[in-house]
There are 2 protein chains.
Amino acid sequence: MIERPDAPKAAPAGSGARSLRRAVAMLTLIHRRGRPQSLAEMAQALSIPKSTAYDLLNAMLHEGLLTPADGTRFALGHRLHELGAGYRAQVDILREGARIVRALRDETGETVQLSAMEGPLMHVLMKEEGFRAVRIISNTGSRVPVNWAAAGRLLVSDLDDEGLRRILTSTVAPSPTGLAETDVDRLMDQIRAARAAGYAMEIGETNQHAGCVAAPVLDDDNKVIAALSLAAPEQRLNSPDRMILVTAARRAAADLGAALSACRNGQVTRR
Amino acid sequence: MIERPDAPKAAPAGSGARSLRRAVAMLTLIHRRGRPQSLAEMAQALSIPKSTAYDLLNAMLHEGLLTPADGTRFALGHRLHELGAGYRAQVDILREGARIVRALRDETGETVQLSAMEGPLMHVLMKEEGFRAVRIISNTGSRVPVNWAAAGRLLVSDLDDEGLRRILTSTVAPSPTGLAETDVDRLMDQIRAARAAGYAMEIGETNQHAGCVAAPVLDDDNKVIAALSLAAPEQRLNSPDRMILVTAARRAAADLGAALSACRNGQVTRR
DNA sequence: CCCGATTTTCCGGGATTTCGGAATTGCATC
DNA sequence: GATGCAATTCCGAAATCCCGGAAAATCGGG
């Protein structure tokens, strides 16, 4: 197989199973829009002919991937819950993480997220809403550039200068508020500093009047495998309370690291 | 295509999107077997030609439905976790239930399950393992006949005699231990009694040396919408402790019912 | 280094899905 | 009951995917 020199990566897009790809596109669309969608909306958004979309729709209903919501709209189906639970059961960090994320939320009352790297982006593995309603942009499953969050600083902090610079230059983007740091050199300084400090903090970079503190989850070799972050209203992060949050996050992250280490010494893990 | 006159209703099974159906079959297979599967295993188990299976496999890897596990085996992928979380966010009972299931597990130390009806079978919506290792057959997502578990007795207890008899005759089956009641008339008596008592109990019917107690989650009209069940070793269910478990389960179920009722009066719900 | 077993890729005909448009149904309004 | 609009079904032709088999790559030994 001859590779075009200017397109070194294969063009994976077009490989077979079109209906499969379109099906997950429909599911993802419903998920992203956050509410049930009618068939017409989906067909239009994804440029799928309506008659074809009906075939897919029926198949997905039949498989439990979709469920009729109201009259003419459809929502994600129970089979997805089932398979999602299966994924979670395979992965230690999600099993153990659920417990610790919730405990940290209960302890601090703030919104807690657990994140890890997925490719070049930060991936939000799970989220528990705090008692006060601090609206956070990222939901479970969303992927964002590392410069948008304090957790992102920590997640990439094991890379050497060269690899770090490559990831940053290719993924850094302005945040919704426009306040996130986008200068690669300054980011690298912040990342090194955060790693040395053992935590990271950010205020207002992605959400108005809110910010977060993050702590790294380390494996046996002190590599960062995930990050716990606490999202809180701006004033709490500027108050002396701040260090309470930092301490709570660091302790929870250390607990999670220890739990995972224990897992690994007795059980099967992935990756 | 010629329709057999004696099959007037369409046979919805075979409708289009073959690759989609096969894809979920592969995912379900991995989930059921509980560990990563090689392509050869899946192709063989599902009678899919190997060359076709490769196409599906690549598409699924590309979509994040599958993830390479070890060398030649594949596990469920992160996209499933993402979509599963999306499903959960839509459904009140899963959001609220997670909290209460975990609390009940922590309070009693036993394995807790939350179930609801899905068609004619009992569907295990979520499970938290107890501290002692009581092995339970059913995992999150599995569906079993209602006569296999105490929770099943409660879930169908709103049906009238006719509907109840129909479901029972069509789904009742011997349990793994062979000890579950399979006589429809006796089952109906047990179901009516359990509903009147406000809880149900079973020992050894599906798991050796273990049993469970279950309590109904009721909506505003006192209809059963789900059931919480506690699985415990046989001796604990025969001891005076038993009533502690029953009481804990009933209280937790009532809490969940109240939480859902509160949800409904302010938020959007499905169904 | 060669051999055998397994995994992965490749290929051309044939089966199925897909597509666009039109026909039909369903529903609410007039 | 008539009418307009959207949802759903139906259809044949065309495009695509799927299949079986066979070749190539990969991996472990001997």
Side-chain angles (χ1 to χ4, degrees), chain A residues 1-4 7-27 29-30 33 35-63 65-75 77, chain B residues 1-5 7-30 33 35-63 65-75 77:
Chain A
M1 191 161 287
I2 301 170
E3 297 278 340
R4 282 211 317 248
K9 279 268 215 69
S15 62
R18 179 165 49 176
S19 60
L20 176 55
R21 274 178 292 116
R22 301 222 257 210
V24 306
M26 288 170 74
L27 295 174
L29 183 72
I30 293 175
R33 298 211 171 155
R35 61 201 149 82
Q37 299 284 301
S38 77
L39 182 132
E41 288 169 315
M42 294 190 282
Q44 205 254 323
L46 302 170
S47 318
I48 300 176
K50 270 194 303 205
S51 46
T52 306
Y54 270 98
D55 286 345
L56 288 175
L57 182 100
N58 284 323
M60 290 204 276
L61 285 174
H62 195 67
E63 297 293 338
L65 299 176
L66 285 181
T67 260
D70 66 71
T72 169
R73 266 179 268 269
F74 301 88
Chain B
M1 201 154 285
I2 303 168
E3 294 279 339
R4 281 213 315 249
K9 275 265 215 73
S15 64
R18 180 163 50 173
S19 60
L20 175 55
R21 275 179 291 119
R22 301 223 257 212
V24 306
M26 288 170 75
L27 296 174
T28 306
L29 183 72
I30 294 176
R33 298 208 172 158
R35 63 203 145 83
Q37 300 283 301
S38 76
L39 182 131
E41 289 169 314
M42 293 190 283
Q44 205 253 322
L46 302 171
S47 318
I48 300 176
K50 271 194 301 218
S51 47
T52 305
Y54 269 97
D55 286 345
L56 288 174
L57 182 101
N58 283 324
M60 292 205 274
L61 284 174
H62 193 65
E63 297 294 339
L65 299 177
L66 286 181
T67 267
D70 66 71
T72 169
R73 265 179 270 269
F74 301 88

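Chain letters run A, B, ... following the sequence lines, proteins first, then strands; residues in each count from 1.
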Check your understanding: Roughly how far, to the nearest 0.5 Å, is CZ of B:R18 from CD1 of B:I48?
Key -> 10.0 Å

Check your understanding: For the side-chain contact (heavy atoms from CB on, under 4.5 Å) test, which of A:M42, A:R35, A:E41 pairs with A:R73?
Key -> A:E41

Point to revise | Rounded interatomic separation in angstrom, taking CD from A:E41 and P from D:dA6 | key: 13 Å

Revision key, fill the gap. note: B:L57, atom CG; D:dC18, atom P; distance rounded to Å ~ 13 Å

Check your understanding: Where do B:T67 and B:L61 land on the side-chain contact (heavy atoms from CB on, under 4.5 Å) test, with the steps shown first?
Key -> CA-CA 6 Å; B:T67 267; B:L61 284 174; 5.6 Å; no

**Study point:** Least distance between heavy atoms, A:L65 atom then A:L27 atom
**Key:** O-CD2, 3.7 Å

Point to revise | Selected nucleotide, minimal atom distance to B:T52 side chain, candidates C:dT18, D:dC19, C:dG21 | key: D:dC19

**Study point:** side-chain N/O A:R22 vs D:dT16 OP1/OP2, d < 4.0 Å
**Key:** no

**Study point:** Validation row: B:F74, B:L57 side chains within 4.5 angstrom (heavy atoms)
**Key:** yes

Revision key, fill the gap. Closest to the side chain of A:R21, out of D:dC19, C:dC19, D:dC17, is D:dC17

Check your understanding: Just how far, in rounded Å, is P of D:dA7 from CD of A:Q37?
Key -> 13 Å

Review point. Of A:F74 and B:I48, whose nearest nucleotide on DNA chain D comes first from the 5' end?
Key: A:F74

Study note, to complete from the structure: When rounded to whole Å, the CG to C1' distance for the pair B:L61 and C:dT9 reads 15 Å

Point to revise | Length of the CG-P vector between A:N58 and D:dT8, whole Å | key: 9 Å

Practice item. Ignoring the backbone of B:T72, work out which of D:dT8, C:dT7, D:dG20 is nearest its side chain. Key: C:dT7

Point to revise | Contact under 4.0 Å: B:S19 side-chain N or O vs D:dC17 OP1/OP2 | key: no

Review point. For the pair made of CG in B:L56 and P in D:dC18, what is the distance, rounded to whole Å?
Key: 6 Å

**Study point:** A:Y54, nearest nucleotide to its side chain (from D:dT8, C:dT18, D:dC17)
**Key:** D:dT8

Study note, to complete from the structure: note: B:K50, atom NZ; C:dT9, atom P; distance rounded to Å ~ 13 Å

**Study point:** Listed nucleotide nearest any side-chain atom of A:R18, set C:dT8, C:dG20, C:dT18
**Key:** C:dT18

Revision key, fill the gap. When rounded to whole Å, the CD to P distance for the pair A:Q44 and D:dA7 reads 12 Å

